[in-house]
> 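Below: one structure in structure tokens.
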Amino acid sequence: MNEALLRGLAPSVLAILVRRGADFAAAEDAVQDALVEAVRAWPRDPPRDAKGWLVTVAWRRYLDATRAEAARRRREDLADEEPAPGPAPAEDDTLQLYFLCAHPSLTPSSAVALTLRAVGGLTTRQIAQAYLVPEATMAQRISRAKRTVSGVRFDRPGDVATVLRTLYLVFNEGYSGDVDLAAEAIRLTRRLAAAIDHPEAAGLLALMLLHHARRSARTAPDGSLVPLAEQDRTRWDTDAIAEGVRILQAALARDRLGEFQAQAAVAALHADAPTAEETDWVQIVEWYDELARLTDSPIVRLNRAVAVGEADGPRAGLAALAEVDATLPRHTAVAAHLHERGGDPATAAQLYAEAARKASTLAERDHLVRQAARLNSRSH
Amino acid sequence: MAKYLLLKHYRGAPAPVNDVPMDRWAPEEVSAHVQYMEDFAARLEQTGEFVDSQALAPEGTFVRYDGEGRPPVTDGPFAETKDLIAGWMVIDVDSYERAVELAGELSAAPGAGGRPIHEWLEVRPFLASPPTITE
């Protein structure tokens, strides 16, 4: 039984049911039933047309489920229209599912859960494990999300930006358990970018590939963080970097710049540098200027201050940092880094310790505590 | 989503507004209090925000390594001024604001006279695993 095959087929089967007029929540349940049935039946009796088989079984399940008295009339109407069994249409309907699952009426966490389930074909258990919550909690989150979008018209074009943001949230979650959410986000974004002609979808795919390419170098065997400048660049995935750069260049050539393309451009400049010293910081600052124009995000200005510190020296970096909201996470860590580079280890050590207390992840906290300890033990 | 730990204290937290020890409540008041907590947890399960919860016994022991081959040193239960946790709940919510809102709701559990205890709850964010993107 090929789980990956089933997972790949599930979204298009769901899309076909919904296009035939099935209610989203009921269709989703029917597809899950059909998948369970497939796991049971296929090893004995493999179907010739896997997708057609799933559509037929899921549609029957859907009709069974809607047999309740209140739904009887509707079911009979649908039964009349039931298409003859046969090969399912080959075109990809799943695009509409992306828009439905990332609908603006959902909270980001619900949109993420529903996307992984309906578009990604993951089981509720897998999603719950990935987010470290009980399966019952995730089941509620998904069923609430399904109810919320059940009233949404399926044919209305969705908001690409919301879909991209949802996929980006999945990517940023990293991984835990047996589902690698970053890899899953790349898989889904790759399919989305192939299905729609949108430079920002390509930009997001390029961004994910470029970050993902450096993932194995980002942590030491003991789990501690390795800063970009100290990473072993031979461990970067050069194929993924080449693909990311190629996708990015094609997107940029279309001259419809957006946030994800600009972020990918920064990532590409890091990935392109043979050594940390050869990083083109001047160009990176220019891209952060573009990003600041596009988003007005304080995080962008914080990152820009780091880049300015590298391009024009720590004094200029601190001046740029002074313009940024000091309550931002990692503001103190950036200040510590710039003070150290500016030749003030005492202030830097104090700021590293303060930044460690504010850190939001374990690996980041440990890293910052080590930085403070390194400077403090040196001064004694 | 981010996870938060809501901590209830036996001691160590500032005194609640409705400060009557539980053993001096009427039995129905105790039942109402327990019911409130259970309803609260059930509601969070429905909204997909519940992770786990547990009540803790008041007896705790401090343990310390006392050198190779020697039995660990124990000290307990906690000395009079030490903090003592009565129970905890873990929630997984969209924002810090939501975590605070829920803690406030939990603090309104009824106590003596059926009035809210207004007890102090501690809200502590979990340290997360690092996201894929950091720089």
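Basis for what follows: all heavy atoms, side chains included, without hydrogens, waters or symmetry-related copies.
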> With heavy-atom distances below 4.5 Å as the criterion, would you say the side chains of B:Asp92 and A:Arg141 are in contact?
yes
> Looking at CD of B:Glu49 and CD of A:Gln140, how far apart are the two atoms once the value is rounded to the nearest 0.5 Å?
11.5 Å
> Name the residue from B:Val90, B:Ile91, B:Val51 that meets the side-chain contact (heavy atoms from CB on, under 4.5 Å) definition with A:Val133.
B:Val51
> Is it the backbone or the side chain of B:Asp94 that comes under 4.5 Å from a heavy atom of chain A, or both, or neither?
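Answer is side chain: those atoms of B:Asp94 sit under 4.5 Å from chain A.
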> Measuring heavy-atom distances to chain B, does A:Ala185 have an atom under 4.5 Å in its side chain, in its backbone, in both, or in neither?
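Neither the backbone nor the side chain of A:Ala185 comes within 4.5 Å of chain B.
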> What distance separates B:Asp52 CG from A:Thr137 OG1, expressed to the nearest 0.5 Å?
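Nearest 0.5 Å value for the CG-OG1 distance: 9.0 Å.
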> Most heavy-atom pairs under 4.5 angstrom with chain B, which of A:Ala363, A:Ala128, A:Ser360?
A:Ser360
> Does atom CH2 of A:Trp281 have more than 12 heavy-atom neighbours from other groups under 6.0 Å away?
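Check passes, neighbour count above 12.
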> Measure distances from A:Ser109 to the heavy atoms of chain B and classify the residue's part below 4.5 Å as side chain, backbone, both or neither.
both
> Taking atom CE of B:Met1 and atom CG of A:Leu132, what is their separation to the nearest 0.5 Å?
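Between B:Met1 CE and A:Leu132 CG, I get 12.5 Å after rounding to 0.5 Å.
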> What closest approach, in Å, do A:Thr361 and B:Leu127 show between heavy atoms, and which atom pair accounts for it?
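Of all heavy-atom pairs spanning A:Thr361 and B:Leu127, the closest is N-CD2, 3.8 Å.
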> Heavy-atom count check: over 12 atoms from other residues, nucleotides or ligands less than 6.0 Å from A:Arg233 CZ?
yes
